[in-house]
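The next block holds one structure in the form of C-alpha cells; read it before the comments.
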Amino acid sequence: MTPMDKPNRLLLLSELRVRDTAYNVSLSRSLLTWKRRASSPVYHPFRPMSYVERCQQHRWRCAAVTFTCPDGGLCQSWVGAIAEQLAAITSRPRRLLIYINPYGGKRQGGRVYEQKVAPLFAQAAISTHVIVTEHANHARDHLRTDAELKKYDGVVCVGGDGMFSEIVHGLIWRTQMDSSLDPNSPDETLTSCSLRIGIIPAGSTDCICFATVGTNDPVTSALHIIVGDSQPMDVCSIHHNNTFLRYSVSLLGYGFYGDVLTDSERKRWMGPVRYDFSGLKMFLTHHYYEGTVSYLPARGVVGTPRDAARCRSGCVVCQHNGPKPSERAEKYETDDCGNDGDWRTIRGKFLAINAASMSCACPRSPKGLSPAAHLADGTTDLILVRKCSRFDFLRHLLRHTNKEDQFDLNFVEVHRVVRFRFMPRHCQSDSDLELDLLENGKRQIFGQICRDHPACGCAPAYSSWNCDGEILTHTAIDVRVHCRLIKLFARGIEEPQVFEDLTNPCAI
Ligand SMILES: CCCCCCCCCCCCC/C=C/[C@@H](O)[C@H](COP(=O)(O)O)NC(=O)CCCCC
Ligand SMILES: Nc1ncnc2c1ncn2[C@@H]1O[C@H](COP(=O)(O)OP(=O)(O)O)[C@@H](O)[C@H]1O
Ligand SMILES: [Ca+2]
C-alpha cells in the first residue's frame with residue numbers, strides 16, 4: 001500500500017489481542033491496522049505476522065506481531081483473509097535477479113546482502129538468482145545479452161551509483177534492442193524499461209538510493225523491494241556526434257565534479273573518503289574551463305529549480321509534467337521551421353557545469369545539488385558556476401550543506417531544461433583551433449605537469465564529465481532527457497505527515 005492510495009474497502013474488523021492488550025483490528029485491501037481498546041475473554045493465538053514499521057529518518061524496519069482472538073473460526077478467517085490479500089497484490093516481486101559488486105564502497109556488498117537482505121527476501125518468499133560480479137561491466141553485459149529477463153520481476157544491484165549505472169545501461173540497451181530502436185540516434189523516442197530496479201546501497205556516495213528513499217540503509221531498501229514500490233525516473237542520454245556515449249540519472253558534472261572523480265579514482269584504495277581528499281584538492285586547484293553551453297528550456301511544465309517545494313512521494317509536479325515532456329524537445333525544434341528554435345546559448349569560463357536530473361541528495365549534501373529537482377518530471381536542472389574567487393566558490397559549496405540557497409550568488413545560474421549541449425572552447429571551430437593552437441599546446445603540456453602544482457597558474461584546457469560517478473571519454477556532448485525511462489523499487493522520499501496516522505501499514 002502506498003500513502004497515495006485511497007482508503008480501501010473494509011474486509012474484516014474484530015477485537016483481537018496482542019499479549020494482554022485488546023485492539024480493534026481491521027483489514028482492508030493490503031492494509032492492516034490496529035487500535036488499542038479495553039476488553040477481555042479467552043483468546044486463540046494466530047501465528048506471528050511480519051509488518052513494516054517506520055522509524056526515524058525514513059528508515060523502515062521489519063517487526064512482528066501475534067494477535068489472539070476468542071474464537072478459533074474467527075482466527076482462521078483472519079489468517080485466510082490476510083493470506084488472500086497478500087497473494088492478490090501483483091506489484092510485489094516474486095523472483096529477483098541480483099548483482100553484487102564486491103569491489104564498491106568499503107567492499108562490504110557481499111556481507112551486507114547475506115546478513116541484512118537475503119533473510120528478508122527469504123521471509124517474504126522471494127526467490128533470487130544472485131551473481132557476484134567478477135569485473136567492471138559484468139552486470140551490464142550480462143543484462144544486455146545473456147540474462148533471461150522473462151524469468152524475473154525485477155533486478156537488484158548491491159553497490160553504489162556506478163553499479164546502478166551498469167544495471168541501467170544493461171536494461172535500457174536490451175529494451176531498445178527488443179524494440180528495434182537505435183540508441184545511437186539522440187532523437188529516438190526510447191521505450192521505457194518494464195522491469196523495476198532495486199538498489200541495496202553498498203557504495204561510496206549512493207546518491208540515487210538516498211535521493212529516492214531518504215536514507216542509505218540496506219534493510220529499508222530491501223523492504224521497499226518486498227512491498228513492491230514503484231518510482232519512475234528520468235534518464236538523460238548522452239551523445240557525441242550522433243554516437244551514443246552513456247546514460248545518466250543523477251549528476252552529470254564537468255569541471256569541479258569531473259576533476260574530483262578523475263582524481264579520486266586513483267585513490268580508490270582509500271574507500272569512500274577518497275572523495276573528501278580529492279574534493280579538497282580540486283577546490284584548492286581551482287581550475288576553470290571555457291566553453292559554450294546551449295540548452296532548450298523546459299516549457300509548459302510546473303515548477304522551477306528555485307522552488308521551496310521538494311519532490312516527495314506522490315509528487316504532484318511529476319504527475320503534472322509527465323508522462324512524456326521530453327517530446328517537447330522535438331516539438332520546439334520542428335515548430336520553429338529550422339531556426340534555432342528556443343535554444344539559448346551561453347559562452348563563458350566555468351568552474352562547474354552540472355546537470356542534476358534529481359536532487360542528488362546524499363549524506364554529504366542532504367538537500368543535494370539541486371534541491372528542487374524532480375525524479376520524474378522529464379527535465380534536468382542545468383547549473384552553471386562561472387569563474388569566481390576561491391572564497392566565493394567555497395561559499396557556493398558550503399551552501400550545499402546548510403539551509404542557504406546555493407543558487408543565490410551572482411556567479412551561479414540554474415535553468416530547468418529538456419536538452420543541452422556543451423562544446424569546450426578548443427573544439428569550437430577550425431579558426432578558433434588555429435588561433436589557440438600554440439597557447440593550447442603549451443597548456444596541454446603544462447596542464448599535465450601543473451595539475452599537481454596549482455600555484456604556477458597553468459590550467460588544463462579540458463575537464464572530464466562525471467556521469468553518475470563514471471568518467472566520460474568525450475567533452476563535447478549532446479544531452480537529452482527521457483521522461484520516466486526506468487522504474488525503481490522505491491516511492492520517493494516520504495513527508496513525515498504522510499505516515500503519522502499510518503502506524504502499521506504493510507503486512508509482509
Ligand atoms: C567544503 C565543503 C564542500 C561540500 C561539498 C558538498 C557537495 C556535495 C554534492 C555531492 C553530489 C553528489 C552527486 C552524486 C554523485 C555520485 O553519482 C558519484 C558516484 O557515486 P558512487 O558510485 O556511489 O561512488 N559520486 C561523486 O561523484 C562524488 C562527489 C563528491 C564531491 C565532493
Ligand atoms: N567485480 C568487480 N570488480 C571491479 N570493478 C567492478 C566490479 N563490479 C563492478 N565494478 C565497477 O566498480 C565501479 C564502482 O562501483 P560502485 O558500486 O559504484 O562503487 P563506488 O560507490 O565505491 O564507486 C563501477 O564502475 C562498476 O562498474
Ligand atoms: Ca528530473
Side-chain angles (χ1 to χ4, degrees), residues 99-107 109 131-140 157-167 169 199 201-211 216 232-236 248-253 256-262 264-265 268 271-272 274-280 282-283 298 301 303 305 311 315 317-318 321-322 325-326 354-370 372-381 393-402 406 416-418 466-471 481-484:
Y99 296 97
I100 300 176
N101 178 0
Y103 169 81
K106 295 181 183 158
R107 306 193 178 203
I131 297 175
V132 178
T133 61
E134 288 166 13
H135 51 85
N137 294 325
H138 180 168
R140 184 200 66 183
C157 61
V158 184
D161 293 341
M163 192 57 193
F164 175 76
S165 175
E166 279 203 30
I167 306 299
H169 280 80
I199 311 174
S204 300
T205 313
D206 298 318
C207 133
I208 298 156
C209 179
F210 196 94
N216 284 340
M233 252 170 61
D234 301 334
V235 177
C236 286
S248 165
V249 291
S250 59
L251 164 68
L252 180 59
F256 180 69
Y257 290 102
D259 295 347
V260 169
L261 185 69
T262 306
S264 69
E265 276 305 306
R268 192 166 259 286
R274 69 189 183 277
Y275 289 134
D276 301 314
F277 275 83
S278 299
L280 178 64
M282 287 308 143
F283 165 71
V301 293
C311 183
C315 175
V317 171
C318 290
N321 294 345
S326 62
N354 301 321
S357 299
M358 55 163 72
S359 70
C360 296
C362 61
R364 272 188 188 81
S365 171
K367 61 180 187 175
L369 279 178
S370 191
H374 287 271
L375 291 169
D377 66 340
T379 74
T380 189
D381 288 350
F393 190 45
L394 182 63
R395 280 171 67 211
H396 168 66
L397 287 179
L398 284 177
R399 289 185 184 192
H400 290 82
T401 62
N402 61 32
Q406 61 258 46
R416 188 153 283 177
V417 310
V418 290
N466 173 340
C467 176
D468 296 349
E470 305 297 308
I471 297 164
V481 188
H482 299 264
C483 189
R484 302 176 175 217

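Whatever order the structure lists them in is the order used to number ligands and atoms, beginning at 1.
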Test of proximity, G104 against ligand 2: N or O pairs below 3.5 Å: no

D377, N/O/S atom nearest the Ca ion (ligand 3): OD1

Atom nearest to the Ca ion (ligand 3) - D234, N, O or S atoms considered: OD2

Ring geometry between F393 and F256 (parallel below 30°, tilted from 30 to 60°, perpendicular above 60°): perpendicular

Under 4.0 Å to a heavy atom of G105 - the qualifying atoms of ligand 2, by number: 19 (O), 20 (P), 22 (O)

Metal check, the Ca ion (ligand 3) vs M233 N/O/S, cut-off below 3.0 Å: no

Interfacing atoms of ligand 2 (cut-off 4.0 Å, heavy-atom, T133): 1 (N), 2 (C), 7 (C), 8 (N), 9 (C)

Atoms in ligand 2 with a heavy atom of G203 nearer than 4.0 Å: 21 (O)

Atom indices of ligand 2, in the order listed, that fall short of 4.0 Å to a heavy atom of G159: 17 (O)

G162: numbered ligand 2 atoms lying under 4.0 Å from its heavy atoms: 18 (O)

Contacting atoms of ligand 2, where contact means under 4.0 angstrom from a heavy atom of M163: 9 (C), 16 (P), 17 (O), 18 (O)

Presence of N, O or S from H374 under 3.0 Å of the Ca ion (ligand 3): yes

Ligand 1 N/O within reach of T205 N/O, cut-off under 3.5 Å: yes

Modelled atom types, side-chain donor and acceptor of R364 and T401, under 3.5 Å: no

Nearest neighbour in protein (non-hydrogen) for atom 17 (O) of ligand 1: D161 OD2, 2.8 Å

Per-atom contacts of ligand 2 with Y103, taking only distances under 4.0 Å to non-hydrogen atoms: 2 (C), 3 (N), 4 (C), 5 (N), 6 (C), 12 (O)

Numbered atoms and elements of ligand 2 in range of R274, under 4.0 angstrom, heavy atoms: 20 (P), 22 (O), 23 (O)

Proximity of D161 to ligand 2 by residue part, where a heavy atom lies under 4.0 Å: backbone

Sub-4.0 Å heavy-atom contact, G279 with ligand 1: no

Parallel, tilted or perpendicular: rings of H138 and H135 (30°, 60°): parallel

